[in-house]
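To start, the structure itself, in structure tokens.
The figures that follow rest on heavy atoms only: side chains count, while hydrogens, waters and symmetry mates do not. Order of the sequence lines sets the chain letters (A, B, ...), proteins ahead of strands, with each chain counted from 1.
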Number of protein chains: 2
Amino acid sequence: MQLSRKTVIAAAVEIIEADGVEAVSMPRLATELGCGLISLYNYVPSRNALLDAVGAEVMSGIAGTLAPQPNWQDDLRAQIRACRQVARAHPRCAMVAVSRRPAPASMARAAERALATLRKAGFGEPDAVRIARALAAYVLGSLLREAGARPGQAADDHPADADRDFEYGLDLIMQAVTARLK
Amino acid sequence: MQLSRKTVIAAAVEIIEADGVEAVSMPRLATELGCGLISLYNYVPSRNALLDAVGAEVMSGIAGTLAPQPNWQDDLRAQIRACRQVARAHPRCAMVAVSRRPAPASMARAAERALATLRKAGFGEPDAVRIARALAAYVLGSLLREAGARPGQAADDHPADADRDFEYGLDLIMQAVTARLK
DNA sequence: ACCTGAACACCGTTCAAGT
DNA sequence: ACCTGAACACCGTTCAAGT
């Protein structure tokens, strides 16, 4: 396999999902990729930078366009579900992404999009910002609860329950948000 | 200073708040405590067990009794604020606590108390459980957003903003929860 | 110019020797 | 019985030597 930045990141993603972040070591990556340990530093400046790249890679999906919904509530819901879906596709990597500072750019963009939707719905600036933050907290917290906070732990084994829990809480928040607009 | 399990844990808490979890190493703890590296293993079986102990120690405060409020809404609010307050007293350690599996017992007890309050308020079992989970997700997510998810990062420098954000979101959820009971 | 082996300064934990 | 120095098997990263 041809070594490249992409393949190094992909190998790291694989290791994280299989054994957690703590299992990602430069020696292990090298043997996994069948290359010399030092060669890795040609594609990634450090282990930390590699984890940043994993976070960015794994969350890049939420930048994708979503089918616009007839009303702003469904639009917002779709955006929030998309965040969660992308995160759940790589749960342990998602916890890594969420733990990096600064947050991956795609996550910041998603937050900005939610804010824009709230503004367009008619919320004033302070309310729109605070609602967006509350939603972000809820999504993050749900992921934390589900996937196991420690990035080195596996996901829950009752995903259907987690989905229902998530939708229930999302309903709660959206109900209050809608009521607040009137 | 007399070495004991307590002093070892306290030293770890200090290091974590100052420099993050990653800075907690057995050698550093030893020099900080002025003892031999190996002596630490007489009080703590491993670094991992030490971090578990830090999580338990730091979160033990939420087990404290709270003044009962006239209505269940204020009761629930007080419980949730207490969780957040305790966590914010040691923000970086709180992130460690939240990241441990299983969660510290005091956190589980706090969740159980919230559940009991919801039951007493008149919610049926599935609703009570889901509301409690939504609230937990919100508190966890807020901490993650504020303190910086990575346990190795410092807290925000606008705590007042964070407080207002938190109360705003809590209001939203509590409003919807109250509406759902009727 | 690119690649990488050997080396450095760290880790957590164990073993076996000391008291 | 208790304590702990030396040692082991790891890390991430750098330097300087090779091609």
Next item on the list: For residues 118-130 of chain B, pull every pair meeting side chain to side chain donor-acceptor pair (under 3.5 Å), keeping only residues two or more places apart or in separate chains.
Entry: A:D165-B:R130, A:Y168-B:D127, B:R119-B:E125
Margin query: Do A:D163 and A:R84 have side chains that approach each other closer than 4.5 Å (heavy atoms only, starting at C-beta)?
Written below: yes
Notebook entry, point to check: Between the main-chain N or O of B:L3 and the side-chain N or O of B:T7, is there a donor-acceptor pair closer than 3.5 Å?
Noted result: no
Could you list all N or O pairs between the protein and nucleotides 16-19 of chain C that sit under 3.5 Å apart?
none

Item checked: Results of side-chain contact (heavy atoms from CB on, under 4.5 Å) for A:Q175 - residues two or more places apart only -> B:A176, B:A179, B:R180
Check: So what is the 5' to 3' dot-bracket string for DNA chain C, if pairs are Watson-Crick or G-U wobble with both distances under 3.5 Å, crossing pairs use [ ] and | means the partner sits on another strand?
Finding: ||.|||||...|||||.||
Notebook entry, point to check: Which atom names give the shortest non-hydrogen contact between A:A18 and A:R92, and what distance separates them?
Noted result: O-NH1, 3.0 Å
Checklist line | Spacing of CG belonging to A:L33 relative to OH belonging to A:Y43, to within rounding of 0.5 Å | finding: 10.0 Å
Notebook entry, point to check: Are the side chains of A:L140 and A:L144 in touch, meaning some heavy atoms are under 4.5 Å apart?
Noted result: no
Next item on the list: Please name all residues satisfying ring-ring contact (aromatic ring centres under 6.0 Å, His included) with B:F123, sequence neighbours left out, ordered by chain then number.
Entry: B:W72
Item checked: Flag side-chain contact, heavy atom, 4.5 Å: A:L172 against B:L172 -> no
Notebook entry, point to check: Is any side-chain nitrogen or oxygen of B:S39 closer than 4.0 Å to OP1 or OP2 of D:dT4?
Noted result: yes
Check: Would a 4.5 Å heavy-atom cut-off, applied to side chains only, mark B:D161 and A:R133 as touching?
Finding: yes
Next item on the list: Grab the CG-C1' distance between B:L3 and D:dC2 for me, whole Å please.
Entry: 14 Å
Any protein N or O atoms within reach of nucleotides 11-15 of chain D? Criterion: under 3.5 Å, listing atom names and distances.
from, atom 1, to, atom 2, distance (Å)
D:dG12, OP1, A:M26, N, 3.3
D:dG12, OP1, A:R47, NE, 3.3
D:dG12, OP2, A:M26, N, 2.8
D:dT13, OP2, A:Y41, OH, 3.2
D:dT13, OP2, A:R47, N, 2.8

